[in-house]
Amino acid sequence: MYNTNINNSLLLWYDKHKRQLPWRDINDPYKIWLSEVMLQQTQVNTVVPYYKKWIKNYPTLLSVAESNMDDLLKLWEGLGYYSRCRNFFKACQIIKNDYCGIIPSNINEFNSLPGVGPYISGAVMSIAFNKSVPAIDGNISRIMFRYLGLRNKTKHNKKRIISKLITFIKLRPGDIIQSLMDLGSSICKSYSVKCGECPLSHSCKAFLHGFPLKYPIQKNKKSLPKKNIIAGFVQKNDKMLIVKRKDGGALGGLWELPMIIVSDNSNTSLFKTSLKNKYNLNLKINNKIGDIIHSFSHYRMNIAIFNCENVSTRIDYSSNNNIIKWINRKEIDNYAFHKANHKLFELLEKNNV
DNA sequence: AAGACGTGGAG
DNA sequence: TCTCCAAGTCT
């Protein structure tokens, strides 16, 4: 059941080729966990500066648990998938309150925390606690499909992959898991392979069959839907209006210029109505400043931004529990905005608005 | 179970 | 410019 040869080959390769990363060669489960959360669907080079900045500000789990959502989101700003940040914060608070601040080394307890799924629990168990628990991320999945010569991502095949991985990880499980991820990022990539440098090629079925890139079969994706959006640069005296997005939804907890989805973003009447309904603001909408394009993983948006004046006579902005603020342009850095806003801010600068 | 959820980089 | 991807999880 235990594959000594593969275990040795991987460890030899890893000891020679492992990447030096800020979360390597430590066994603090808090730091390992944080790195895994940040690395979800996100490239290593993107994560490194965010990870360093976070650890500098929050060196311990307790410091996170005692922080607040706004400050944490500000550190996460630009990294994307913001529910990761919200869930990590919640999970740290749960550990503080229910586990005396100690990260549970029991996989079922750890796996029950928000934002912790099968991959992260396996990764933390193996890397931080040195337990022989499999962890399957995109890299390891691809490598194992190729290694076993499997093409279809069926439930049955996924089970075979887990069983096979378990035979690899008896000795130094955390290093084996990380060696496979390094292998997947440098040698056994989605669209290119260097089988000549791979420590597994001698027993890799996809390699032996001659066409490793054909394993596994990729699903073709649907094209991105497009959404038209109107945003407003709304001024009152020297300040501009920003609004906070509702927790829980997309980009939850982040700030943005007021914006709405419309079918035709040259028609501003709906925008005017929306700001009246949501914030009890009366707007005079002036010239269009420009457009920006911004894509998410699941849709592409075209945002037209208009110059607006607040002409409300009454100061009553508390309707519907919507949180808004009037800020000076110099205060932008104090709030976490999603990327589309930074593109809009650049546009304002460029047009001397 | 398929779609939502962000962003930047590579080709 | 466009498409696909990069250490997944939640609903």
Side-chain angles (χ1 to χ4, degrees), chain A residues 18-19 21-24 31-51 73 76-88 90-91 110-128 133-144 153-155 158 165 174-186 188-192 213 216-227 245-254 256 292-302 336-343:
Chain A
K18 74 188 271 191
R19 290 175 286 182
L21 300 168
W23 48 86
R24 288 267 163 92
K31 293 179 181 169
I32 305 286
W33 176 20
L34 173 68
S35 74
E36 296 298 346
V37 173
M38 288 187 163
L39 284 160
Q40 281 179 51
Q41 308 289 284
T42 310
Q43 298 192 325
V44 167
N45 289 339
T46 306
V47 166
V48 169
Y50 280 90
Y51 173 86
L73 276 176
W76 205 274
E77 180 184 26
L79 194 54
Y81 285 149
Y82 299 94
S83 66
R84 295 181 293 176
C85 182
R86 297 194 298 270
N87 284 332
F88 189 66
K90 283 182 212 157
F110 187 65
N111 197 14
S112 73
L113 296 164
V116 177
Y119 166 71
I120 289 199
S121 50
V124 170
M125 289 305 121
S126 62
I127 298 171
V133 177
I136 315 258
D137 76 317
N139 287 308
I140 299 182
S141 165
R142 184 175 60 253
I143 291 172
M144 298 306 288
K153 293 193 168 182
T154 59
K155 253 184 198 165
K158 288 176 184 173
L165 180 61
D175 285 349
I176 294 289
I177 295 296
Q178 294 182 91
S179 74
L180 287 167
M181 292 193 284
D182 278 13
L183 204 54
S185 71
S186 62
C188 194
K189 304 207 261 189
S190 285
Y191 287 96
S192 68
L213 293 181
I217 295 172
Q218 309 285 354
K219 270 192 208 164
N220 42 351
K221 299 194 174 162
K222 295 166 186 170
S223 60
L224 290 185
K226 294 177 179 162
K227 297 193 180 182
R245 295 181 62 91
K246 295 258 198 282
D247 287 340
L251 306 162
L254 277 80
E256 64 185 5
I292 63 129
I293 302 273
H294 185 67
S295 289
F296 288 158
S297 47
H298 47 301
Y299 62 85
R300 168 194 164 100
M301 41 191 200
N302 189 334
F337 291 94
H338 57 96
K339 182 68 183 175
N341 290 275
H342 287 292
K343 289 186 180 173

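Quick note on labels: first sequence line is chain A, next is B, and so on, each numbered from 1.
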Return whichever of Ser121(A) or Lys219(A) has its heavy-atom-nearest nucleotide of DNA chain C closer to the 5' end. Lys219(A)
Would you classify Leu180(A) as touching base, sugar-phosphate or nothing, given that sugar-phosphate means primed atoms plus P, OP1 and OP2, and contacts are heavy atoms under 4.0 Å? nothing
What integer number of Å spans the P atoms of dT1(C) and dG6(B)? 25 Å
How about Lys18(A): does its NZ atom have over 12 heavy atoms from other parts shown lying under 6.0 Å from it? yes
Going by the angle between their ring planes, with limits at 30° and 60°, are His298(A) and Phe296(A) parallel, tilted or perpendicular? parallel
Taking the P atom in each of dA6(C) and dC5(B), what is the distance between them to the nearest angstrom? 22 Å
Note: for Asp137(A) and Asn111(A) on DNA chain C, the residue whose nearest nucleotide lies more 5' is Asp137(A)
Nearest-Å distance, NZ (Lys90(A)) to P (dC10(C))? 10 Å
Find the distance Arg142(A):CZ to dC5(C):P and express it as a whole number of Å. 10 Å
Gap between atoms CD1 and C1', on Ile120(A) and dC10(C) respectively (whole Å): 12 Å
Tell me if a side-chain donor or acceptor on Tyr50(A) pairs with a main-chain N or O of Glu77(A) at a distance below 3.5 Å. yes
Do Leu165(A) and Leu180(A) come close enough that some side-chain heavy atom pair is under 4.5 Å? yes
Within the 4.0 Å heavy-atom criterion, would you say Val37(A) contacts the bases, only the backbone, or no part of the nucleic acid? nothing
Any donor-acceptor pair under 3.5 Å from Ser141(A) side chain to Asp137(A) backbone: no
Go through DNA chain B in 5' to 3' direction and return only the first and the last nucleotide with some atom under 4.0 Å of chain A's heavy atoms. dG3(B) to dG9(B)
Using a heavy-atom cut-off of 4.0 Å across all strands, would you classify Arg24(A) as base, sugar-phosphate, or nothing? base
Determine the Euclidean distance between corresponding P atoms of dT9(C) and dG8(B); express it in Å to zero decimal places. 23 Å
Closest to the 5' end of DNA chain B, once Lys155(A) and Ser297(A) are matched to their nearest nucleotides, is Lys155(A)
In whole angstroms, how far is the C1' atom of dT11(C) from the OH atom of Tyr81(A)? 15 Å
Nearest whole angstrom, please: distance from the P of dC5(C) to the CD of Gln40(A). 18 Å
Atom pair distance, as rounded to whole Å: CG in Asn302(A) and P in dT1(C): 13 Å
Ser295(A) near the nucleic acid: base, sugar-phosphate alone, or nothing, with a heavy-atom cut-off under 4.0 Å? base
Would you mind classifying the nucleic acid contact of Ser190(A) as base, sugar-phosphate or nothing, using non-hydrogen atoms under 4.0 angstrom? sugar-phosphate
For Gly184(A), which contact category applies under a 4.0 Å heavy-atom criterion: base, sugar-phosphate, or nothing? nothing
May I ask you to say whether Asp182(A) pairs ionically with Arg19(A), meaning some side-chain N is under 4.0 Å from a carboxylate O? yes
Rounded to the nearest Å, what distance is computed from the CD atom of residue Gln41(A) to the P atom of nucleotide dC10(C)? 13 Å
Under 4.0 Å between a side-chain N/O of Tyr191(A) and OP1 or OP2 of dC5(C), yes or no? yes
Atom CZ of Arg86(A) and atom C1' of dT11(C): how far apart are they, to the nearest Å? 14 Å
For Trp76(A), answer base if it contacts any base atom (sugar-phosphate contacts may also be present), sugar-phosphate if it contacts only those atoms, and nothing otherwise; contact means non-hydrogen atoms under 4.0 Å. nothing
Does Arg19(A) reach a base, just sugar-phosphate, or nothing at all? Heavy atoms under 4.0 Å. base
Scan Leu79(A) against the nucleic acid and name what it touches under 4.0 Å (heavy atoms): base, sugar-phosphate only, or nothing. base
Run the side chain to side chain contact (heavy atoms under 4.5 Å, CB included) test against Thr154(A) and tell me which residues pass, sequence neighbours left out. Asn152(A), His156(A), Asn157(A)
Pick base, sugar-phosphate or nothing for Ala123(A), based on heavy-atom distances below 4.0 Å to the nucleic acid. nothing
How about Pro118(A) and Ile136(A): do any of their side-chain heavy atoms sit closer than 4.5 Å? no
Does Thr42(A) reach the main-chain N or O of Gln40(A) with its side chain, forming a donor-acceptor pair under 3.5 Å? yes
